[in-house]
Amino acid sequence: MKLTSIGYLGPKGTFTKIAVDATFNGEHKEDYKTIPECIDAVDNGEIDIAVVPLENAIEGTVQLTVDYLIHQVRIPVVGEIVVPIQMHLLVRSNMISKEEEIEEVHSHSHAIAQCQQYLHHHFNHAKVAVTTSTARAAEMVSSSDKPIAAIGNRAAASEYGLEIFKENIHDYPNNHTRFLILSHHPEKVNIKREAKGEKTTLLITLPSDKAGALHQILSAFAWRKLNLSKIESRPTKTGLGNYFFIIDVEQAYDDVLLPGAKAELEALGCQVTILGSYSVYDIL
């Protein structure tokens with residue numbers, strides 16, 4: 001019997017890999033260099049499941065993930081993983097004794113943004129460079145003879161034999177990231193963990209830019225007492241001022257309330273797409 005295959009943003013030691021390891025076990029796991037490569041792999045059948053970052057509590061939405069799923073490849077969302085994020089400053093062991101010796105700091109753009117105040121106060125003297133992932137930054141530091149550092153997690157430090165020079169350098173303590181589980185084959189998603197809740201994500205496009213349109217959309221959910229955990233607008237890329245809305249409803253797609261809201265919105269001339277109705281898993 002062929003093992004289920006799961007793709008994630010790699011290499012080993014990324015927060016996405018932590019999310020995958022904490023949620024799945026026994027499957028074949030394949031790392032990809034970029035989010036689009038990972039999404040493309042599940043769309044063309046190379047892998048069964050993709051896990052990609054969606055939103056960070058400090059830095060906000062990962063726009064690359066949202067835009068690629070909306071404009072390039074439509075894959076059903078079949079689950080969500082919420083992972084606590086701790087950022088550490090990683091260096092090669094016995095190479096650096098004080099911060100002033102560090103000439104460069106490498107990491108993913110979102111990790112850098114989540115540690116902006118720390119970098120501002122401690123590394124104005126150093127070059128800050130963006131890499132494709134936090135793990136890739138750790139990998140670079142492990143193979144370099146230069147006095148450089150990476151921002152990454154404890155798993156990356158262990159994977160690449162690095163020393164944690166400074167712990168918890170992120171700007172805010174309540175730092176979490178949401179990861180989406182994507183698959184055309186939900187029957188292959190086997191998670192041996194209790195879900196903490198259910199969610200449905202909708203993509204809504206307005207018929208035209210008119211006064212009160214957003215109010216009408218929200219009213220369709222409000223009078224049905226459907227709780228929205230997130231609403232976000234993104235450009236349709238068809239011209240200035242043209243937007244669609246992505247809305248998260250805190251319940252599974254049912255037989256009455258959500259179909260009723262969808263029908264009401266469509267009667268107003270909106271286009272409504274169900275991006276997914278799925279369970280949410282919290283990794284403590």
Worksheet entry | Heavy-atom donor-acceptor pair, Thr14 side chain to Gly10 backbone, under 3.5 Å | no

Inspect the surroundings of [atom1] in [X] and state if more than 12 heavy atoms from other residues, nucleotides or ligands are less than 6.0 Å away.
X: Gln271; atom1: CD; value: no
X: Lys127; atom1: NZ; value: no
X: Lys225; atom1: NZ; value: no

Worksheet entry | Remaining members of hydrophobic cluster (4.5 Å side-chain criterion), Leu162 |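 The other cluster members (ILVMFWY side chains, heavy atoms under 4.5 Å, direct or chained) are Leu90, Val141, Ile148, Tyr160, Ile164.
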
Does a side-chain heavy-atom distance below 4.5 Å link [X] with [Y]?
X: Lys199; Y: Tyr278; value: yes
X: Asn227; Y: Gln251; value: no
X: Glu80; Y: Phe179; value: no

Worksheet item: Are Phe15 and His176 close enough that their ring centers fall under 6.0 Å?
Response: no

Worksheet item: Can the ring centroids of Phe123 and His125 be said to lie less than 6.0 angstrom from one another?
Response: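 They qualify: ring centres under 6.0 Å apart.
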
Worksheet item: Gln216 and Leu265: which non-hydrogen atoms are nearest, and at how many Å?
Response: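 Shortest heavy-atom contact: O-CD2, 4.4 Å.
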
Worksheet item: Roughly how far, to the nearest 0.5 Å, is CG of Leu54 from CG of Leu64?
Response: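 Between atom CG of Leu64 and atom CG of Leu54 there are 11.5 Å.
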
Worksheet item: How long is the gap from CD1 on Ile274 to OG1 on Thr200, to the nearest 0.5 Å?
Response: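 Output value for this atom pair is 7.0 Å.
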
Worksheet entry | Residue that, paired with Ile35, satisfies side-chain contact (heavy atoms from CB on, under 4.5 Å) out of Asp40, Thr16, Val52 |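 Looking at Asp40, Thr16, Val52, the match for Ile35 under the side-chain contact (heavy atoms from CB on, under 4.5 Å) is Val52.
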
Worksheet item: side-chain hydrogen bond (donor to acceptor under 3.5 Å, both in side chains) between Glu30 and His28: does it pass, once the steps are laid out?
Response: CA-CA 7 Å; Glu30 188 78 24; His28 172 71; 2.9 Å; yes

Can [X] and [Y] be counted as an ion pair, charged N to O under 4.0 angstrom?
X: Lys29; Y: Asp21; answer: yes
X: Asp31; Y: Lys17; answer: no
X: Asp282; Y: Lys196; answer: yes
X: Glu139; Y: Lys12; answer: no
X: Lys188; Y: Glu27; answer: no

Practice prompt. For side-chain hydrogen bond (donor to acceptor under 3.5 Å, both in side chains), just list the numbers for His122 and Glu99, CA-CA rounded to whole Å, side-chain angles, deciding distance to a tenth of an Å, and then say yes or no.
Written response: CA-CA 7 Å; His122 295 266; Glu99 291 174 341; 2.9 Å; yes

Worksheet item: If you group Ile, Leu, Val, Met, Phe, Trp and Tyr by side-chain heavy-atom gaps below 4.5 Å, do Phe245 and Leu226 land in one group?
Response: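 In one cluster: yes.
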
Discussion item. Under 4.5 Å between side-chain heavy atoms, counting indirect links through other Ile/Leu/Val/Met/Phe/Trp/Tyr residues: same cluster for Tyr243 and Leu203 or not?
Written reply: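 No.
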
Worksheet item: So which pairs with a foot in residues 144-153 pass salt bridge (charged side-chain N to carboxylate O under 4.0 Å, His left out), sequence neighbours left out?
Response: Arg92-Asp145

Worksheet entry | side-chain hydrogen bond (donor to acceptor under 3.5 Å, both in side chains) partners for His184, two or more places apart |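 Testing His184 for side-chain hydrogen bond (donor to acceptor under 3.5 Å, both in side chains), a comparison that skips the adjacent residues, returns Asp43.
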
Worksheet item: Do Glu198 and Ser279 pass the side-chain hydrogen bond (donor to acceptor under 3.5 Å, both in side chains) test, and can you show the C-alpha distance, the side-chain angles, and the key distance before you say yes or no?
Response: CA-CA 4 Å; Glu198 301 294 324; Ser279 297; 2.8 Å; yes

